[in-house]
Amino acid sequence: MNDVVQLTRDRAIAIITINNPPVNALSPAVAEGIASAIEQVGKDDSIAAGVLIGAGRTFVAGADIKEFGKITSGKVPRGSGLLPLLLRIEDSKPVVVAIHGAAFGGGLELAMAGHYRVAAPSAQLGQPEVKLGIIPGAGGTQRLPRLVGVAKALEMCTEGNPISAEEALLAGLVDQLMASDLLSGAIAFAREVAGKPGRKTRDRNDKLSSAEGNAQLFAAARERARSRQRGRKAPLAAIDAVEAATRLSFEEGCQVERKLFDDCLFSEQSKALIHIFFGEREVSKIPDIPKETPALSVNSAAVVGAGTMGGGIAMVFANAGVPVLLKDADRPALDRGIATIQKNYLSSVKRGRLTQQFVDERLALIRPTLAYDDFGAVDMVVEAVFEGMALKKEVFRQLDRVCSKGAILATNTSTLDIDEIASATSRPEAVLGTHFFSPANVMRLLEIVRGRRTSKEAIATGMQLSRKLGKVGVLVGNCRGFVGNRMFHHYVRESVFLVEEGASPELVDKALYDFGMALGPLATGDLAGLDVGWRIRKEYRHLEKPGVRQPIVGDRLCELGRFGQKTGAGWYKYDESRRAIPDHEVNALVRKWAIEAGIPQREISAQEIVERCIYALVNEGCRVLDEGIALRAADIDVIYVDGYGFPAFRGGPMWYADTVGLRNVYDRIRDFHEQFGELWEPAPLLTRLAEEDKTFANFVGQQTAVA
Ligand code: T1G
């Protein structure tokens, strides 16, 4: 045994406890500790059976992901992995695996090498490896179909979502649920099976059926993976591995799995997805706001404005079990807001995503109101009214008057100055931005915006609340468009320029869709409404630099009332089911306007389209980092993956630039600078890093997201 694995006894039952906080990751030390414990169990005749359990809040959350980088960079040898250890467990005396919290990845593979599995009712079991761009690499694709059947194993290994203990029991993955004390229940179970030959999972072939019998299953799984996980390699590799289990012996199947696993592990996609995994955890670490900073626990809330965003935000609070007041200025607007919420919930029930009981309980937590009367009792308010400074300041004056002394006052503005809004109150230290993304009840990203006077406690509250609401909260500084929208402005600008220079809207969108974006920039504009950007451009026209090229055709479309899906036409025209149809008439109009504006027309390649749009993000991202508006390049990557449909398997715009090589990106941007002028002036940070042959991973930003 060692520091992370202990062996104790309960008479003839050996208890092997894994104790490697925070999530009992299967580090090399843990594997060694288990190996020597199993050896001891084998040697000691007074031991009849064993129990394997995790200490702390969970069983085993998988292999230690931090080790992967060391393997792919060659710092540590690939080694034989966990397979030999799992075979030894399978060949030992009966081992009962006791599962609580999460049995994920290598943790579930370890559990399946045991002869019996018992679980706490709240346990979760899964093979999430595909979310890291890899596949189960310790026999999971071979043992899981033997326990739960091919269809279930395919679903678990290709989609990576966990199943509940109840579902695992029904599927045959778990043998018994332990409602009371897990350890004593497992020991009692071990006593029952002691002395009997252990059931080796690898020998249980009855659920495998045959490759022919499963042919349709595999075909459907491949099609589903190609459409739902477009561009990702790992889900298809997982299907190949599970298929091998139905064609080959266990040993041969494991060799196929190992080859597929290694191909994935050393792939760019996996490195990018692991970057996002750790990035989503790193965002909560703010250098000047230590973990101990007191944060208010938000147990009641209020939302001002029952429009699309306000309604969605109220659903987010209710879904997290937080009672929420929803206020609007007049009854018709309030009723419309509540009706939209009910409609959204109903469609989730229809699609089997939520139960009616869940919805009824959530709707009961949303209380519509026309008055600020009860605002005095809430911990936090999120303002989500029309995007106008005067109106927002008036709302904050009211909130300052009615809310309790310690309440947090947040604004969902996506463009306006937080300090200006805070100046309408006597408590700017309690004011911050909570920028949700539409639809708020779906999008995972939440930009937490720090004002010049926002207190550390208020920020700690915002970050803690984002976890409670199931969001990825990223702290950003206060500037026009904060991080996401500020960068997105340049991305959209380039997409419109490309249309003006000769590319059709569908060509531009296809290039970025093929790159992996959830939706092309022009179709995104049509979805959000072209009038939103038009209104903002008009509001900031006075800030435009004379002589600097500005997009022209976007405004012309809006002058024709083409606002996108909401008016049935924008860059595309839309049929009754909102399907986008290329509009040759508008393409001709755009061509005419561009030629009238003297813009030379030319053929444009998909590669140039991707480079101009993505590098525009990277270049502005460098300015955002240099100014300290974002703390880390990884924060920008998380913002783009969780808020703007940037493909996670490319790691976000900054990580992607690192994979291309900053020198190459810099050289290309200098080309664009020569060709298109000052809009493409390389950002100083990019110039520095490129000339010093460094990467964004090396870049350490300002330690506080400045106001
Ligand atoms: N390895 C290393 N560190 C891990 C880890 C892991 N597997 N899982 C979590 N951590 C760290 C995490 O970075 C954070 O660190 C802290 O633990 C708490 O995590 C052979 C090859 C289990 C549901 O993909 O899904 O097994 O930020 O903030 O919200 O086939 O962590 O505090 O420094 O997420 O309560 C497969 C990954 C691995 C599961 C807990 N396993 N983990 O969530 O805490 S590949 C996974 C999770 C594998 C085998 C293959 C979640 C969780 P820090 P947290 P949480």
Side-chain angles (χ1 to χ4, degrees), residues 4 18 20-31 34 54 56-72 78-86 99-113 122-144 153 156-157 159-164 234 237-238 241-242 254 257-267 270-271 273-286 290-291 444 463-464 466-473 632 634-635 638 648:
V4 288
I18 301 164
N20 183 28
V23 292
N24 290 332
L26 271 170
S27 63
V30 169
I34 298 173
R57 65 189 175 110
T58 186
F59 178 60
V60 174
D64 189 338
I65 304 170
K66 294 194 179 83
E67 293 292 316
F68 296 164
K70 298 175 193 164
I71 296 171
T72 52
R78 164 72 178 84
S80 59
L82 291 167
L83 266 176
L85 168 64
L86 302 190
I99 301 168
H100 72 299
F104 286 175
L108 181 55
E109 291 168 302
L110 176 64
M112 293 191 287
S122 59
Q124 295 265 307
L125 300 87
Q127 303 280 182
E129 285 89 343
V130 285
K131 297 186 179 190
L132 301 170
I134 54 177
I135 67 170
T141 63
Q142 307 304 305
R143 287 195 173 89
L144 189 60
M156 291 176 70
C157 291
E159 292 171 21
N161 299 323
I163 64 172
S164 67
V242 173
C254 285
E257 177 195 86
R258 182 179 167 104
K259 169 86 179 56
L260 291 163
F261 174 84
D262 285 354
D263 293 349
C264 289
L265 184 67
F266 287 84
S267 71
S270 176
K271 293 171 191 157
L273 287 160
I274 290 172
H275 163 70
I276 293 296
F277 173 86
F278 285 119
E280 285 183 343
R281 281 142 187 91
E282 205 60 21
V283 289
S284 60
K285 298 170 186 149
I286 300 160
K291 256 207 295 244
R444 295 180 68 222
M463 298 304 287
Q464 183 180 289
S466 59
R467 269 180 87 88
K468 182 172 184 171
L469 299 179
K471 301 292 182 191
V472 179
R632 291 158 287 242
D635 290 20
V638 167

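Small disclaimer: the values here were computed from a predicted structure and weren't measured. Counting starts at 1 for both ligands and their atoms, in listed order.
- The nearest protein heavy atom to atom 8 (N) of ligand 1 is closer than 4.0 Å.
- When hydrogens are left out, the protein atom nearest atom 4 (C) of ligand 1 is Val23 CG2, 3.9 Å; that is the closest non-hydrogen contact.
- The distance from ligand 1 to the heavy atoms of Pro136 drops below 4.0 Å at these ligand atoms: 30 (O).
- If you check which protein heavy atom lies closest to atom 54 (P) of ligand 1, you get Arg281 NE, 3.7 Å.
- With a 4.0 Å cut-off on non-hydrogen atoms, Pro22 touches ligand 1 through its side chain and not its backbone.
- With a 4.5 Å cut-off on side-chain heavy atoms, Leu110 and Leu82 do not count as touching.
- Taking a cut-off of under 4.0 Å to the non-hydrogen atoms of Glu109, the atoms of ligand 1 that pass are 20 (C), 30 (O), 49 (C).
- The closest non-hydrogen atom to atom 50 (C) of ligand 1, taken over Gln124, Glu129, Lys285, Gln127, comes from Glu129.
- With ligand atoms numbered from 1 in the order given, ligand 1 contributes 13 (O) to contacts under 4.0 Å with heavy atoms of Phe278.
- Proximity of Asp64 to ligand 1, defined as any heavy-atom pair under 4.0 Å, is shared by backbone and side chain alike.
- Between the side chain of Asp635 and the backbone N or O of Val283 there is no donor-acceptor pair closer than 3.5 Å.
- Distance OG1/Thr141 to CD1/Ile135: 5.5 Å, rounded to 0.5 Å.
- Residue Phe59 does not touch ligand 1, judged by heavy-atom distances below 4.0 Å.
- Between Val23 and Phe104, every side-chain heavy-atom pair lies at or beyond the 4.5 Å cut-off.
- Inside a 4.0 Å radius of atom 52 (C) of ligand 1 there is not any protein heavy atom.
- With hydrogens and angles ignored, the 3.5 Å screen pairs a side-chain donor or acceptor of Asn20 with a backbone N or O of Ala25.
- Near Phe261, with a cut-off below 4.0 Å to any heavy atom, the atoms of ligand 1 are 21 (C).
- Residue contacts with ligand 1, taken as heavy atom pairs separated by less than 4.0 Å, involve Ala63 via backbone and side-chain atoms alike.
- Under 4.0 Å from ligand 1, not a single heavy atom of Lys291 appears.
- Close N/O approach between Leu82 and ligand 1 is not found [any backbone or side-chain N/O within under 3.5 Å].
- Residue-level proximity to ligand 1 for Lys131 is absent, since no heavy atom of it falls below 4.0 angstrom.
- Two residues are said to be in side-chain contact when any heavy atoms from C-beta on lie closer than 4.5 Å; Ile65 and Ile274 meet this criterion.
- Contacts between Thr58 and ligand 1, counted as non-hydrogen atom pairs separated by less than 4.0 Å, are absent for every part of the residue.
- Residue Arg57 touches ligand 1 through its side chain alone, judged by heavy-atom distances below 4.0 Å.
- Of all the heavy atoms of Glu282, none lies under 4.0 Å from any atom of ligand 1, so neither backbone nor side chain is involved.
- Side-chain atoms of Pro136 and Leu144, non-hydrogen and from C-beta on, never get closer than 4.5 Å to each other.
- For atom 15 (O) of ligand 1, no protein non-hydrogen atom is found at a distance below 4.0 Å.
- The distance from ligand 1 to the heavy atoms of Arg467 drops below 4.0 Å at these ligand atoms: 29 (O).
- Residues Ile34 and Leu26 are in side-chain contact: their nearest non-hydrogen atoms beyond the backbone lie under 4.5 Å apart.
- Summarising the geometry of Ile99 relative to Ala111, their closest heavy-atom pair is CD1-CB, 4.0 Å, with the distance given to 0.1 Å.
- For ligand 1, none of its N or O atoms has an N or O atom of Ile134 under 3.5 Å away.
- Residue Arg281 places its CZ atom among more than 12 non-hydrogen atoms of other residues, nucleotides or ligands, all under 6.0 Å distant.
- To the nearest 0.5 Å, atom CD of residue Glu109 and atom CG of residue Leu86 are 7.0 Å apart.
- The side-chain heavy atoms of Arg57 and Pro22, taken from C-beta on, include a pair separated by under 4.5 Å.
- Listed by atom number, the atoms of ligand 1 under 4.0 Å from Lys66 heavy atoms are 3 (N).
- For the pair Met156 and Leu108, the minimum side-chain heavy-atom distance is below 4.5 Å.
- Geometrically, ligand 1 and Gly106 share a nitrogen or oxygen pair separated by less than 3.5 Å.
- Shown are Lys131, Arg444, Lys471; of these, the salt bridge (charged side-chain N to carboxylate O under 4.0 Å, His left out) with Glu280 is made only by Arg444.
- Annotation for ligand 1: atoms under 4.0 Å from non-hydrogen atoms of Ala61 are 7 (N), 22 (C), 36 (C), 39 (C), 41 (N), 46 (C).
- A distance-only check finds a donor-acceptor pair linking the side chain of His100 to the backbone of Gly56 [under 3.5 Å].
- Short contacts between ligand 1 and Gly62, defined as distances under 4.0 Å to a heavy atom of the residue, involve ligand atoms 26 (O).
- Here the side chain of Glu257 pairs no donor or acceptor atom with the backbone of Ala241 at under 3.5 angstrom.
- When only non-hydrogen protein atoms are considered, atom 1 (N) of ligand 1 lies nearest to Ile65 N, 2.9 Å.
- Between Phe104 and ligand 1, a contact under 3.5 Å exists for no N or O pair.
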